[in-house]
2 protein chains.
Amino acid sequence: MARRGAYAKGIAKREEILAVALDVIARHGYRGASVREIADAVGLSQAGLLHYFGSKDELFTAILVKRDEVDNADNTGDMLEDLVRIVAHNAEVPGLVHLFAQLSIEAADPTHPAHDFFRERYGFLRRVLAERIREGQVDGSLRPGLDPERTAAIIIAATDGLQTQFLLDPTVDMAAELAALLGELRA
Amino acid sequence: MARRGAYAKGIAKREEILAVALDVIARHGYRGASVREIADAVGLSQAGLLHYFGSKDELFTAILVKRDEVDNADNTGDMLEDLVRIVAHNAEVPGLVHLFAQLSIEAADPTHPAHDFFRERYGFLRRVLAERIREGQVDGSLRPGLDPERTAAIIIAATDGLQTQFLLDPTVDMAAELAALLGELRA
DNA sequence: GTCTATAGACCGATAGAC
DNA sequence: GTCTATCGGTCTATAGAC
């Protein structure tokens with residue numbers, strides 16, 4: 001762990017850049033999300049920013065990973081409850097929602113640098129959520145007739161799709177809509 | 001209606017271009033979806049294509065509208081059934097699904113030329129679907145406890161979100177997942 | 001009606017000064 | 001470590017030949 005000075009400082013600066021980038025994107029959106037725009041936002045030149053993140057792809061991957069980290073920082077362990085909480089929080093960071101949605105669609109191309117990130121992320125979410133649904137059926141809180149894998153896919157899909165509706169019309173209450181769906185799945 | 005020669009021919013050529021563009025995008029995807037790529041696909045130069053559609057925005061709006069037309073051409077009137085049928089068909093035209101998903105996200109920006117198109121489209125879909133759900137509750141085919149507006153938003157969201165999962169992993173069976181959700185909503 | 005050619009903007013990446 | 005400057009690429013749009 002204990003790194004030598006210069007290297008550790010680089011790491012710290014990367015973290016600082018990511019924190020500022022997330023904050024700026026969250027509040028002001030990101031439009032084209034070019035390296036230049038993010039560099040302006042964090043107060044560096046384009047070349048200065050790319051000194052820390054070798055390429056655009058590296059930068060955006062770091063942003064995606066960091067966002068997941070931040071979102072999951074205070075999970076309670078009740079996955080469905082956490083999901084609603086994260087979705088409610090998302091309504092306050094529309095720029096991040098927009099960035100994430102945009103990149104997840106662009107990443108559909110198998111040659112896109114974030115393709116594997118998103119594929120693995122969705123696969124992981126489906127597996128973990130299906131497992132929680134199975135547990136919910138055992139403890140009697142969720143309907144016994146549900147197919148855990150299918151239900152997991154539907155919950156994730158609804159979460160993503162509500163983001164599209166929210167981005168187009170910010171009066172859409174994502175958390176309330178999602179909570180309503182989860183309510184229908186209770187035993 | 002009956003237009004004079006030259007004008008009518010321009011209209012017909014526009015339709016022909018749109019039909020080819022939809023077919024090519026459907027089968028081969030659209031990647032960056034630039035005017036040049038679509039021009040190549042339909043066998044015109046970029047300038048030649050823009051002779052019929054004054055700008056990129058006009059072209060893509062026309063493609064979006066045309067796709068809705070084609071999709072709804074043989075609706076049965078049973079909206080939920082039609083939805084599953086359209087989703088099943090979508091699995092065969094991944095390029096169109098990708099294009100639509102991408103543009104709907106980009107259009108979140110209120111200054112985007114397709115912003116109003118998508119906003120109105122989603123609003124319209126929610127209203128019509130909510131009305132059908134209300135009818136389904138009256139005739140006893142759908143659960144009486146459902147909030148029609150919320151349920152409409154959730155069904156639309158699930159449909160969109162399943163597209164994201166499908167685009168990242170084409171083995172995802174969108175129609176089956178959606179049908180499972182609709183099954184859970186039945187009385 | 002369709003083309004070639006090009007203008008003008010923006011992109012990511014890199015070289016090199018300091 | 002951060003900058004300016006710049007390269008080569010791609011994009012939309014348009015001017016003008018045929």
Side-chain angles (χ1 to χ4, degrees), chain A residues 3-21 24-25 28-64 98-99 102-103 106-107 109 111-115, chain B residues 3-21 24-25 29-64 98-99 102-103 105-107 109 111-115:
Chain A
R3 302 192 189 281
R4 294 232 313 303
Y7 194 31
K9 194 181 171 197
I11 300 281
K13 182 75 175 180
R14 269 178 65 117
E15 286 300 309
E16 185 196 324
I17 291 171
L18 284 181
V20 175
V24 172
I25 293 171
H28 292 83
Y30 78 110
R31 286 177 315 242
S34 65
V35 173
R36 212 164 234 125
E37 276 187 286
I38 293 182
D40 289 351
V42 303
L44 281 176
S45 70
Q46 191 211 186
L49 181 56
L50 286 184
H51 171 72
Y52 291 98
F53 303 86
S55 69
K56 178 194 179 177
D57 298 333
E58 243 188 90
L59 170 61
F60 279 98
T61 301
I63 288 178
L64 296 177
H98 197 175
L99 175 67
Q102 188 102 298
L103 289 179
E106 284 172 14
D109 181 342
T111 68
H112 190 284
H115 181 75
Chain B
R3 303 190 191 281
R4 294 234 312 303
Y7 195 29
K9 193 181 170 197
I11 300 282
K13 181 76 175 180
R14 269 178 65 116
E15 287 300 309
E16 185 196 322
I17 290 170
L18 285 180
V20 175
V24 172
I25 293 171
Y30 80 110
R31 286 176 313 239
S34 66
V35 174
R36 190 159 253 127
E37 276 188 286
I38 293 182
D40 289 350
V42 303
L44 280 176
S45 70
Q46 190 208 190
L49 181 56
L50 286 183
H51 171 73
Y52 292 97
F53 303 87
S55 70
K56 178 193 179 177
D57 298 333
E58 245 187 88
L59 169 61
F60 278 98
T61 301
I63 288 177
L64 296 177
H98 197 174
L99 176 67
Q102 186 102 304
L103 288 179
I105 299 296
E106 284 173 14
D109 181 342
T111 68
H112 190 283
H115 182 75

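- Checked against side-chain contact (heavy atoms from CB on, under 4.5 Å), A/Ser45 has the following partners two or more places apart in sequence or in another chain: A/Ala47.
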Enumerate the protein-to-nucleotides 13-16 of chain C contacts in which both atoms are nitrogen or oxygen and the separation is below 3.5 Å.
unit_1	atom_1	unit_2	atom_2	d
C/dA13	OP2	A/Lys56	N	2.8
C/dA13	N7	A/Gln46	OE1	3.2
C/dA13	N7	A/Gln46	NE2	3.4
C/dA13	N6	A/Gln46	NE2	2.8

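- Computed from coordinates, the B/Ile38 CD1 to D/dA13 C1' distance equals 16 Å when rounded to whole Å.
- Using a 4.5 Å cut-off on side-chain heavy atoms (C-beta onward), B/Leu99 and B/Phe60 make contact.
- Comparing C/dG1, D/dG1, C/dC11 by their closest approach to the side chain of A/Glu37 singles out C/dC11.
- Rounded to whole Å, the distance from CD on A/Glu58 to P on C/dG12 is 15 Å.
- Considering only heavy atoms from C-beta on, B/Tyr52 stays 4.5 Å or farther from B/Leu18 through its side chain.
- Rounding to whole angstrom units, CG of residue B/Leu44 and P of D/dA13 are separated by 16 Å.
- Neither OP1 nor OP2 of D/dT2 sits under 4.0 Å from any side-chain N or O of A/Ser45.
- Atom NE2 of A/His51 and atom C1' of C/dA17 are 15 Å apart (whole Å).
- The nearest whole Å value for the distance from the CZ atom in A/Arg14 to the P atom in D/dG1 is 13 Å.
- Between A/Arg14 and A/Ala62, the shortest heavy-atom distance links the atoms NH2-CB, 4.2 Å.
- The minimum heavy-atom distance between A/Asp109 and B/His98, with the atom names listed, is N-CE1, 4.3 Å.
- A/Tyr52 has its OH atom 12 Å from the C1' atom of D/dC3, to the nearest Å.
- Between the CG atom of B/Leu59 and the C1' atom of D/dC11 there is a distance of 14 Å, rounded to whole Å.
- Here the P atom of nucleotide D/dA13 and the CZ atom of B/Phe60 are 10 Å apart, to the nearest Å.
- With a 4.5 Å cut-off on side-chain heavy atoms, A/Leu49 and A/Val35 count as touching.
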